[in-house]
Structures are given as structure tokens and as C-alpha cells.
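The next block holds one structure in the form of C-alpha cells; read it before the comments.
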Amino acid sequence: MDLAGIGVKMWDEKKIKRFRRALLDWYDKEKRDLPWRRTQNPYFIWVSEIMLQQTRVDTVIPYYERFLATFPTIKDLAEAPEETLLKCWEGLGYYSRVRNMQKAAIQVMEEFGGEFPNTYDGILSLKGIGPYTAGAIASIAFGLPEPAVDGNLMRVISRLFEVNLDIGNPSNRWAFQEIAEILIDPDRPGDFNQALMDLGSDIESPVNPRPEESPVKDFSAAYLNGTMHIYPIKKPKKKPTPMKWRAFVVQDEQGRFLVEKNTQADLLSGFWHFPLIRDFSTIGESIDLFEGVLEESSNYEINQNIPLEVQFESLYRMKLTPIRLLPKSVKHIFSHQRWDIELQYASALGEVKNNSSRTLKWVTKEEMKLLPQSRVQGKMCEILVGQELL
DNA sequence: TAGTCGTGGTA
DNA sequence: TTACCAAGACT
């Protein structure tokens, strides 16, 4: 398949040059002053690009500053302990990003002699760097004429050419890549890519765009044809699956809390939290919940009739004195799951005999704060503070 | 190909 | 409250 095959008619060379000029002139006047735009250091730009994946600029800025103060060089990143790494990324989400970044840092030390690779293929070979990020780093840090095809660029281009392809489908990426390769300014590829991103994140944003303010509106087929509302084409996302949990807030005689390191699931892997047990008992109360639970019917059959306190005592090999269920539950939405967590407050009678593969420890309130904690755990702690239990 | 992987902002 | 969204990569 080629561009003509999907109904895209490319401009002639003269129009392409006018487009580059209009876009870059606007960028030179209006570009945002961002920390990673004051450096040419490929490591710094790499960090910014990873953090910016699916994450807003305002959120990233403080994390960017702190991360580079903590790990000033690729070598520092490669040698960092996991908990330091997670603590630095805590609250930013999508934590596999930082794990992959450390793997890539080790790759740079071992395969590239400590020097960040300066070719597109070299950059793309690093763990956690896909076609977008490779293009962004190649163009911004090294001046290579590689497009950086992200959501912004696809949205802008789909409006420029009325591209009738779903931008959410990776198999359609080639078309936007191909168009961008033709449009990109070979003299200023990094600025060209960033100009499209600035444009796409504000004037050409997905919600409430202001197309009449666009510096390239005269080039936009959708704008000129009055079809702005159609583009980009994008399928709606699936709703997150509802799940119920019981968290066990257990204190020993010294008042320390039992916490567990997540070593089993990929979700929030490496983070510490109060022990959590999936609650399958409310099946039938909610159609939504029922649908979410269907695929785990074996778990459901095993657990639905066993009280959660009993499950806890068995799994953690510990006797509890359940005190009470806290009146407020914690609600938390991930990209693909919606959690509702009841908090069971209890005292432990004996020491934990940890025969399982679980990683457990007793910590004071102060020690808990030093561990990597997810927002879910943070919300549970907020409830406890409200109940004057923490 | 479609699901997995977080969080906070905004309407 | 709900729904949608943000500079994606990996499996």
C-alpha cells in the first residue's frame, strides 16, 4: 500500500517548502521554553522523551529535574538500586518505562562504550525506545532527518491530508511516517518535529482545537473542507474492568505495619503496599463486576465462599484479631482496571512465618514513607490518616 | 491485533 | 460521577 492507495495526494516541492517555512516561523515565535529544550545532551533528551510518553508536560517538569539531579549520567542510571529508581519515578506511572531505561543504560555502557548511540538504528535498539522516541532523539539531539510520529503528529497530519485511517491502530502508522518523511525539514528536523508537537498539543489539540489560529490552516484539507470534526479517526477505548479488593492493615505489638513488595504481578511491580486479596464474593451484585470476573472463573470458584480474613491467615500464615472494616473504601482507576478496595484493620497475634514466596516486612510509619509507593497505597494511607490510625 | 501498563487534569 | 485525554512500548 502507498499514499495514493489511501487517497492521499502529496503536495509539490514548492508547497512543501512553504509549509516548512510557515510552521517553523510560527515555532520560532511561539515555542514553549522547556527544560529539555535548553540542552543538546542526548541523555537528558532521552529522559525527557521517556517521561513525556502518555504524560503531560506540566507533570513531567519536576520529575525531570529531580531525576537528572539524582542520576546525572547514564552510568549513574545503569548502577542505580531498583528502589532508588522507583522512588524517583513514584507517581509518574507506567513504571516499566524506568525499568527499561535502566536496561538501556546498561546497554549503552556495555554495547556502546558509555556513549549514547548517534544513529537511528542504534537508538532504536535500546530497550524501551520505539519508533517515535528513536525519531525524536535522533532529530532533536543529533539533527538527523527522522520524523517523530506520535499522537500529535498523526492528529495534525490526518487533518492536513484528511487521512482516513485509524490513528490508534499501529498497522496504520506507516502512512503517517511516510508523509512525515516527505514533509520534514532536512535543515531543522528536530525543530520541525517539535513544532508539530507544540501545534498538536495546543492549537490542534484533540479537545477544543482552535484551527483558525493554526499557522498552517491554509494547508489543511480538513480545515478548508470543513471536515475538522471528522479527523483524526480514532476508535474509543475499552472501559476499565471493575475489581474488588480487601486490603489488610495489620499492626504488630509495636504498632508497626505489615507491607508486601509486589513481586508477582506486572502491575505496580516492585512497589510496597498493604497485603491485598481479590474479593470475588460480591459476584451477582453488579453486572459490570460480573463481566469483569468471568475470565477468572477458576479463581472465583476457589475463593468466592471463603471469608477474606480466613484467606489472609492462610496465605500469610498469621493469626489476626480483626478489629473493624473502615467505613470508606479506596477507589482507583488504572488504564484498564477500576479498583474498589475495602480496608480491614487488624492486629497480628504472632510473627509472620514467611514460608511463601512473598516479600513481607514490618515497618514504622516513617520507614513506610521511604519505600516506593503507588498512588493506590497512598490513597489507603490517606484513609488511615483520616481515621487517625496512621 | 489487542491487551497491558498509571496518573492527574479537564469538561 | 463519568468519560476522555496526554510527546508509546511491549507482549
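Heavy-atom basis, side chains included; hydrogens, waters and symmetry copies ignored. Chain letters run A, B, ... following the sequence lines, proteins first and then strands; every chain starts at 1.
The residue among A:S171 and A:F271 whose nearest nucleotide of DNA chain B is located toward the 5' end is A:S171.
B:dT1 sits 15 Å from C:dA9 when the C1' atoms are compared, rounded to a whole Å. On the P atoms, C:dC4 is 16 Å away from B:dG3, given to the nearest whole Å.
If you measure from atom NZ of A:K238 to atom P of B:dC5, you get 12 Å, rounded to the nearest angstrom. The interatomic distance linking A:K239 (NZ) with C:dT1 (C1') rounds to 12 Å, in whole Å. Note: CG (A:L268) to C1' (B:dC5) measures 9 Å, nearest angstrom. Taking atom CD1 on A:I167 and atom P on B:dT1, their separation rounds to 16 Å, with Å as the unit. Rounded to whole Å, atom P of B:dG6 lies 13 Å from atom CD of A:E90. Summarising the geometry, the separation between CG on A:D340 and P on C:dT1 is reported as 11 Å, rounded to the nearest angstrom. The nearest whole Å value for the distance from the CZ atom in A:R338 to the C1' atom in B:dG6 is 16 Å. For the pair A:K234 NZ and C:dA3 P, the interatomic distance rounds to 17 Å; values are reported in whole Å.
A:R358 forms a cation-pi arrangement with A:Y316, by the criterion of a distance under 6.0 Å to the ring centre and an angle within 45° of the ring axis.
Ring-centre distance between A:Y64 and A:W36: below the 6.0 Å cut-off.
A:W11 has its side chain within reach of A:F161: a pair of non-hydrogen atoms, C-beta onward, lies under 4.5 Å apart.
Within the nucleic acid shown, A:S374 comes within 4.0 Å of sugar-phosphate atoms alone, with no base atom in reach, counting heavy atoms only.
Applying the salt bridge (Lys or Arg N to Asp or Glu O under 4.0 Å) test to residues at least two apart or on different chains, the pairs with a partner in residues 56-83 of chain A are A:K75-A:E79, A:E82-A:R99, A:E82-A:K261.
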Polar pairs (N or O, both sides) under 3.5 Å between protein and nucleotides 7-11 of chain C?
unit_1: C:dA7; atom_1: OP1; unit_2: A:N152; atom_2: OD1; d: 2.0
unit_1: C:dA7; atom_1: OP1; unit_2: A:N152; atom_2: ND2; d: 2.3
unit_1: C:dA7; atom_1: O5'; unit_2: A:N152; atom_2: ND2; d: 3.0
unit_1: C:dA7; atom_1: O4'; unit_2: A:D150; atom_2: OD2; d: 2.7
unit_1: C:dA7; atom_1: N6; unit_2: A:W36; atom_2: NE1; d: 3.3
unit_1: C:dA7; atom_1: N1; unit_2: A:R32; atom_2: NH2; d: 3.2
unit_1: C:dG8; atom_1: OP2; unit_2: A:Q54; atom_2: N; d: 2.7
unit_1: C:dG8; atom_1: OP2; unit_2: A:Q54; atom_2: NE2; d: 2.8
unit_1: C:dG8; atom_1: O5'; unit_2: A:Q54; atom_2: NE2; d: 3.3
unit_1: C:dA9; atom_1: OP1; unit_2: A:G130; atom_2: N; d: 2.9
unit_1: C:dA9; atom_1: OP1; unit_2: A:G130; atom_2: O; d: 3.4
unit_1: C:dA9; atom_1: OP1; unit_2: A:T133; atom_2: N; d: 3.0
unit_1: C:dA9; atom_1: OP1; unit_2: A:T133; atom_2: OG1; d: 2.8
unit_1: C:dC10; atom_1: OP1; unit_2: A:G128; atom_2: N; d: 2.5

Considering only nitrogen or oxygen atoms on both sides, find all protein atoms under 3.5 Å from nucleotides 8-11 of chain B and state each distance.
unit_1: B:dG8; atom_1: OP1; unit_2: A:R375; atom_2: NE; d: 3.4
unit_1: B:dG8; atom_1: OP2; unit_2: A:R375; atom_2: NE; d: 3.1
unit_1: B:dG8; atom_1: N2; unit_2: A:R56; atom_2: NH1; d: 3.0

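Side-chain polar atoms of A:Q344 and A:R324 form no donor-acceptor pair below 3.5 angstrom. Between the side chains of A:N169 and A:S171, a donor-acceptor pair is found at a separation under 3.5 Å. Between the side chains of A:S139 and A:N193, at least one donor N or O lies within less than 3.5 Å of an accepting N or O.
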Start with the C-alpha gap between A:D202 and A:R210, add the side-chain angles, then the distance that decides, and say whether salt bridge (charged side-chain N to carboxylate O under 4.0 Å, His left out) holds. CA-CA 8 Å; A:D202 181 25; A:R210 308 185 303 281; 3.2 Å; yes
Dump the intermediate steps for salt bridge (charged side-chain N to carboxylate O under 4.0 Å, His left out) on A:E382 and A:R375, then the final yes or no. CA-CA 10 Å; A:E382 286 168 13; A:R375 270 304 286 146; 3.4 Å; yes
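Neither OP1 nor OP2 of B:dG3 sits under 4.0 Å from any side-chain N or O of A:H336.
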